[in-house]
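All remarks here apply to the structure that follows.
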There are 2 protein chains.
Amino acid sequence: MSHTPGIRQAQKEQTRQALLDAGLRLLDRQSLSSLGLREVTRAVGVTPAAFYRHFPDMAALGVALVSEALGSLHAVIRNAMTAGGQDSDELIDRTVAITAGYVDEHRAHVRFIARERYGGVRPVRQAIAAELGRFTDEVAAGLASQPVSAGWNAADLRVLAGLYVDHMVLTAAAIMEAPQDDRAAREEITRAARLQMQIISVGRRHWDERPA
Amino acid sequence: MSHTPGIRQAQKEQTRQALLDAGLRLLDRQSLSSLGLREVTRAVGVTPAAFYRHFPDMAALGVALVSEALGSLHAVIRNAMTAGGQDSDELIDRTVAITAGYVDEHRAHVRFIARERYGGVRPVRQAIAAELGRFTDEVAAGLASQPVSAGWNAADLRVLAGLYVDHMVLTAAAIMEAPQDDRAAREEITRAARLQMQIISVGRRHWDERPA
DNA sequence: GGACTCAGTGAACAAGTGTTATCCCAAATT
DNA sequence: AATTTGGGATAACACTTGTTCACTGAGTCC
C-alpha cells in the first residue's frame, strides 16, 4: 500500500506534521481537553476547515501524539535492558541516565504523556495505557531472561515490570517538572530515582527470603 | 477572627461549596484547564458574576479542591501507619484496603488529583506537589519509628517514603480507572499493588545486604 | 492533454466564552 | 430605627469557538 510517494502525499504529510508540532507546542501550558482546533490551525497558518482533512477531532490528534511520543521508545527500552554489564547498580545508573537524556531531548512529549495519562480525553488515556502495557510486557520479558528471576512466575514478573515502568514514567515526569537549569534539583531527583530502583531490585533478589 | 457565624457567612459558604461540588462533578469528563466559569455557575444556578465573590479565577477553585481532596487525608495516613499489628504483610493488606475504600468514597477527588497532578494549571500542580510532599514527610516519620529502619539516614528514608506515596497514588488512580463494577479487574489491581508493596518492603529489610 | 481527485480557502452559522459596571435588597452594624 | 455592607442579579462588552458548504487550483491518472 501507499505505492507512490508523490508530491501530493508529501505535502499532506507535511501539514499533518505541522499540526502535530503546533499542537504539542501549545500543550505546554494547557491540557488536551482545552486545546482548540482553531488555535492549532492558526499556529500552523492554515484554515480551520483544513484540520478535518487530517483528523476528525482533537482527540484523534492526541492519539497520534501518543504514537509519536511512545512509539519510538520500544527500541530504546530493549537496548537499555539487554545491553552490557550484568552488574545491577551500573544497569540502574545507566537506566536513569537514559531516562534523563530522553527527557532533555523530548521534553514536550514527556510532558504530554504525563499530563494526559489521566487526562480528560478517554481515547488518549486508552492509547497511553495500551502503549505502557506493551512496555511492561517487554520489560517483563527482559526480566524473565535474567538468572535472578528463577522462582518467579510470569504473572508476578509482569507486576514487577509494571513497578519498574511506572517508576520510570514518574522519574521522567519529575525531571521534566524541575527547572531546566537547576542542576542541583535535577541531581537530587536522579539520586532518589536510583535509590528507589535499587530498593526494588534488592527486594527482587531477596524475594524468596521474605517471612512466611 | 470571624467572631460571628452569622446567616450571611453561612449562606456564602454554602454557595462556595456548591461551586466546588459542581466544579468537581464537571471535572469528571474534562480537565481543569478546559473547565469554564460559566459552566460552573450555570450548574449551580447562579450568575457568572457571582463566581468572583468566591474565587478570582478557576485556578483558585482548583487549589481549593486540592485542599478538599487531600487535606482530610493526613489523619487517615497517620492512623494507618501507627495502628496495630507489626506484621508487614498484614499492614500492607490493610494499607491497600484502606486505599481502595478511599477511592470508593471519594472517586471524584481521586480522579481530580491524578488528573491535575501533571495538569495544565501551574498553581494546582504546585498545591498537589506540596500536599504530597507533606504526606511523604509523615510517612518518612512513621518509617523512622520502626525498628527495621536502623541504619537508614533521614534523607534515604524520605526517598523510600516517596516511593510508598507515589505507589499509593498510582494504585488509587488504577482502581479509579477500572470499571466500577468489574470486581475481577479490581481484585487484580489490588493484588498487584500488594505484591509491589511487598517487593519494596523486602528491599527495605534486606537493604544492608546488597552487593557493594 | 483532458478528466478527475482532493488539500486547502473563504465565508457564514449559531453558540459559547471571561469580564465589567450598575443595581438590588437582605443581613449586619451602630 | 437608620445606616452600612456585600452576595447575587442583570445586561452588555468584545471575542472565540466548532462545523458546514461550495469553491479553487495544483498534482495525478489514463
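Sequence lines set the chain letters: A, B, ... in the order given, protein chains first and strands last, and positions in each chain run from 1.
Within residues 32-46 of chain A, the residues that have a heavy atom under 4.0 Å from DNA chain D are, in order of number, A/Gly36, A/Leu37, A/Arg38, A/Arg42.
Under the side chain to side chain donor-acceptor pair (under 3.5 Å) criterion, B/Arg25 pairs with no residue, sequence neighbours left out. Every side chain to side chain donor-acceptor pair (under 3.5 Å) that B/Tyr164 has, sequence neighbours left out, goes to B/Ser201. Considering only residues two or more places apart in sequence or on other chains, B/Gln17 meets the side chain to side chain donor-acceptor pair (under 3.5 Å) condition with B/Asp21, B/Glu68. With sequence neighbours left out, the ring pair (Phe, Tyr, Trp, His ring centres under 6.0 Å) criterion links B/His106 to B/Tyr102.
One can place NE2 of B/His54 at 16 Å from P of C/dT19, the figure rounded to the nearest angstrom. If you measure from atom CD of A/Gln30 to atom P of C/dT17, you get 16 Å, rounded to the nearest angstrom. The nearest whole Å value for the distance from the CZ atom in B/Phe55 to the P atom in C/dT19 is 15 Å. Atom CD of B/Gln11 is separated from atom P of D/dA9 by 12 Å (rounded to the nearest Å). Between the OH atom of A/Tyr52 and the P atom of D/dG18 there is a distance of 7 Å, rounded to whole Å. Rounded to an integer number of Å, the gap from CD of A/Gln14 to C1' of D/dG27 is 15 Å. Separating the CD1 atom of A/Ile7 from the P atom of D/dA26 is a distance of 13 Å, rounded to the nearest angstrom. Atom CD in A/Gln9 sits about 11 Å away from atom C1' in D/dG27, given to the nearest Å.
For D/dG8, one of the phosphate oxygens OP1 or OP2 lies less than 4.0 angstrom from a side-chain nitrogen or oxygen of B/Thr15.
Counting only residues at least two apart or in different chains, ring pair (Phe, Tyr, Trp, His ring centres under 6.0 Å) contacts with residues 114-142 of chain B comprise B/His74-B/Phe135. Among pairs with a residue in residues 97-115 of chain B, those fulfilling salt bridge (charged side-chain N to carboxylate O under 4.0 Å, His left out) read B/Asp28-B/Arg111, B/Asp104-B/Arg186, at least two apart in sequence or across chains.
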Please tabulate, one pair per line, all N/O donor-acceptor pairs under 3.5 Å involving side-chain atoms of residues 177-184 of chain A, not counting sequence neighbours.
residue	atom	partner	partner atom	Å
A/Glu177	OE2	B/Arg125	NE	3.1
A/Asp182	OD1	A/Ala184	N	3.3
A/Asp182	OD1	A/Ala185	N	3.0

Side-chain donor/acceptor pairs under 3.5 Å, residues 47-58 of chain B, sequence neighbours excluded:
residue	atom	partner	partner atom	Å
B/His54	NE2	B/Thr15	OG1	3.0
B/Asp57	OD1	B/Ala59	N	3.4
B/Asp57	OD1	B/Ala60	N	3.1

Please table the atom pairs, donor to acceptor, closer than 3.5 Å between any side-chain atom in residues 192-200 of chain B and protein atoms at least two apart or in another chain.
residue	atom	partner	partner atom	Å
B/Arg194	NH2	B/Glu187	OE2	3.1
B/Gln196	OE1	B/His167	NE2	2.8
B/Gln196	NE2	A/Val159	O	3.0

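To the nearest 0.5 Å, atoms CG (B/Asp93) and CD1 (B/Ile98) are separated by 11.0 Å.
The pair B/Arg117-B/Asp166 counts as a salt bridge, with a side-chain nitrogen and a carboxylate oxygen less than 4.0 angstrom apart.
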Between N or O atoms, less than 3.5 Å apart, protein on one side and nucleotides 2-6 of chain C on the other: list the pairs.
residue	atom	partner	partner atom	Å
C/dT5	O2	A/Arg8	NH1	2.8
C/dT5	O2	A/Arg8	NH2	3.2
C/dC6	O4'	A/Arg8	NH2	3.2
C/dC6	O2	A/Arg8	NH2	2.6

Given Watson-Crick and G-U pairs under 3.5 Å, DNA chain C in dot-bracket ([ ] crossing, | other strand) is ||||||||||||.||||.||||||||||||
